[in-house]
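A short write-up of the structure that comes next.
For ligands, and for the atoms within them, numbers begin at 1 and follow the listed sequence. Values in this document were obtained by computation on a predicted structure and should not be read as measured data.
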Amino acid sequence: MALDDLYRRVIMDHYKNPRNRGSFEGEVVTVNLNNPSCGDRITIQLKMETGIVSDAKFQGEGCSISLSSASMMTDAVKGKTLEEATLMAENFSCMMRGVEHADFEYEDLEALSGVNKFPARIKCATLAWNAMRKGIEKSE
Ligand code: FES
């Protein structure tokens, strides 16, 4: 299978079977963001425990890129320290700019690497990550 096809399958799998979709009760950090170019919106919730993102969920409406990215981000960030999660967001941002980036421990994220060829879609892919970063800033 060509790499593009594999990546497309990974993206569609996260879109159709989103991981961590929903919301938490209780004490969590919540961030709402929207993509100004299309009006789509996303809500990210992070559970923090002693400097670690212990759990993450998302809700919202958006395209396959934004929702699959949110699904992957909420999975990838679980169990990471706030610093590791922030570094991961920076690494993702490098991938979106087409500059060299470290390999992701959560390999599905590579499926979004092709988005950097479509500038209009970069905002879709980075929406959840920007929300996660804001959530970490809020908690500090
Ligand atoms: Fe709206 Fe992608 S088109 S988030």
Item to check | Chi angles and distances behind the side chain to side chain contact (heavy atoms under 4.5 Å, CB included) call for T30, F24 | outcome: CA-CA 10 Å; T30 302; F24 295 118; over 6 Å; no
Checklist entry - Are S93 and R133 close enough that some pair of their side-chain heavy atoms sits under 4.5 Å apart? => result yes
Next on the checklist: Can you give me the closest heavy-atom contact between K57 and S23, atom names plus distance?
Outcome noted: CD-N, 3.5 Å
Checklist entry - Is the closest heavy atom of N35 to ligand 1 under 4.0 Å? => result yes
Checklist entry - Atoms of ligand 1 less than 4.0 Å from S66 heavy atoms? => result 4 (S)
Next on the checklist: Run the side chain to side chain contact (heavy atoms under 4.5 Å, CB included) test on S139 and L82 for me, step by step, so that the C-alpha distance in whole Å, both residues' side-chain angles and the decisive distance to 0.1 Å come before the verdict.
Outcome noted: CA-CA 9 Å; S139 76; L82 305 190; 3.8 Å; yes
Checklist entry - Is atom 1 (Fe) of ligand 1 less than 2.8 Å from at least one N/O/S atom of C63? => result no
Checklist entry - Hey, which N, O or S atom on D40 ends up closest to atom 1 (Fe) of ligand 1? => result OD2
